[in-house]
Structure formats: C-alpha cells, structure tokens
Amino acid sequence: MTSPRYDAPMGVDDGWVELGDRVFVRRYSFYDQNIGVVLGDGEALVIDTRSTNVQAREILADLRDLTPNPVTIVVDTHGHFDHAYGNHVFRPATIWGHERCVTFIERTGEARRAVIAREEPALAGDLVEVVIDPPDRTFADAATIEVGGRAVGLKFLGRAHTDHDIVISVPGTEVLFVGDILENGAVPSFGDAYPMDWPATAAAIVPLVGDGVVVPGHGDHAGRDFAERQAVAFRSLAAIAQRVHSGELTIDEALAEQPFSEHPSEDARYPLKRALAQLRGEAR
Ligand SMILES: [Zn+2]
C-alpha cells in the first residue's frame, strides 16, 4: 500500500523501459506504481500484480508489446493490495513471495478489501471480483528461481515497510527491484512498517544496487544515491524515536526534527508513532 492520497506526477504511462537485458519496468499512473518483467526463453516473470483484476489484465495486455509468451511466474514484493490483489488473474502461474507474505495476506486480505473500497471509491466496484490469492511458493531468507533458462534471485533483507518485503535481482543485469522498501517522490508508507528495522534493511540495499538501477515500488527508478539518501532518512527517524523513547526528546521536539514531516497523511506524526509503538513492542 502506498501512502494515502498519493499524487502521481505526470510522465508515467510511457510504456515499458528496458533497464537491463530483457528486464523491463512500466510505471502505471495509479499510485505511480512500477511493475517489473523478466523475459526468459518462452516464458515471462512479472513482479507485482496491481490492485484489481482490471488492473492485472491491463498488465497482461501491455505485455503483448514485449512478448507473445505466457507469464509462468509472478513474484509479489509484499502483500499489500496494490502489489498482490491482481495475483489470481495470472494463474496458473506460480506465485512466489516471502513466507510471511502468505500469512499477511491471509490475516489482512479480506478485511482490507472493504477498507480500500472506502478509501479508494474508484476501485470499489472492481474490488468485488478480486480473488485474494496469496503466493503458493515461499522462502525465508533467499531463493533462486528460474524463468526460461535464466536465474532470478529473491532475497529477504530484514523487516522494513512490512515484515516480509523482498528484493529481486536478475544476475547478468544491474537491476534491483525493491518493492516499497524504497519509494521515489512519495513519503514511504508506515502503516505496517517496522521503522526500527527499516534503516538496516535500506542500508543493505545500497551495495546491492552498486552502479546499477534500483526500482522502487512507486516512482521513478534511480541509482545508488537515492537508496543512500533514503537509508539516511530511515536511520534519522529511528534515532529520533529512540531519543523520545529514552525521555531525551519530547514528541513535539522530535516532530520538528524527524525526516518525514511532509507525510501526506493528515497525521504527520504517524512515522514517529509507529517507531515508538515498535520500541514499546506494540507494532504488529
Ligand atoms: Zn506497500
């Protein structure tokens, strides 16, 4: 789930962009979301499936620009609706995700369908037909899968935006898909986040990007500098939260210092609140 009331900048919907050998990204204007594709011999892998059957079918239609071959593998970066509610449209493809992606979707999927329909009225009608369909192949730390003779690496780097975000690499290219661990042009979403773990997870991304390209869940793809800047911001939030927790700063002093004050939610305190909840052992 991206931050609420996200305003997508213009310039999205420009079609597929090849970031590495047969590795593509496409930015959809709804939530300015990135969908990734890896083409192998005779088959294709899709990274994230969007919010509804209608949106997922749009991916399939757009894929005809790239290949006549079927999508045999889907990878969910995490279980938020905008990344996983389109899953069922891709069956009988295999769907991969972190093992806690499955428990997250089983725990939250149905309840959130109603919440999202209220928050995003434009989706309400289309959400009715969504079949919530979690990954059927999972892993805990890392997995290497294969699409049409080429390897694709899946890795869990630690808790961040959720407790089950994964990153996807394609050996032989310098492209890394990181889901909503990073967002470009929007404040990251903290609703299910672990802000005290997020700095280490974001920092672990930086060397994996190297001189290559990092594709966030939302917003333009970017380079290592972007990943570094976001890691610094997460570290700053966690440090400030720690100082509030230890009584060194008041909430108001912390809010003046914290790096996500431009949060579009009515409650700009949320990132800090969530960090404090985690420090008190109350985040789940
Ligand atoms: Zn998300």
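Order of listing sets the numbers, starting from 1, for every ligand and every atom in it. Only a predicted model underlies this, so the values are computations on that prediction, with no experimental measurement involved.
- Rounded to 10°, the angle formed at the Zn ion (ligand 1) by His80 ND1 and His78 NE2 is 90°.
- Remark: Thr67 engages Asn69 in a side chain to side chain donor-acceptor pair (under 3.5 Å) (not counting sequence neighbours).
- Look at Asp252 and Arg269 and you find a salt bridge, because one of the NZ, NE, NH1 or NH2 atoms lies within 4.0 Å of a carboxylate O, short of that distance.
- Inclusion of His83 in the first shell of the Zn ion (ligand 1) is not supported: no N, O or S atom falls under 2.8 Å.
- Contact annotation: Asp180 places an N, O or S atom under 2.8 Å from the Zn ion (ligand 1).
- Test Arg112, Arg107, Arg100 against Asp192 for salt bridge (Lys or Arg N to Asp or Glu O under 4.0 Å) and you get one pass: Arg112.
- Under the 6.0 Å distance and 45° angle rule, Arg50 does not count as a cation-pi partner of Tyr31.
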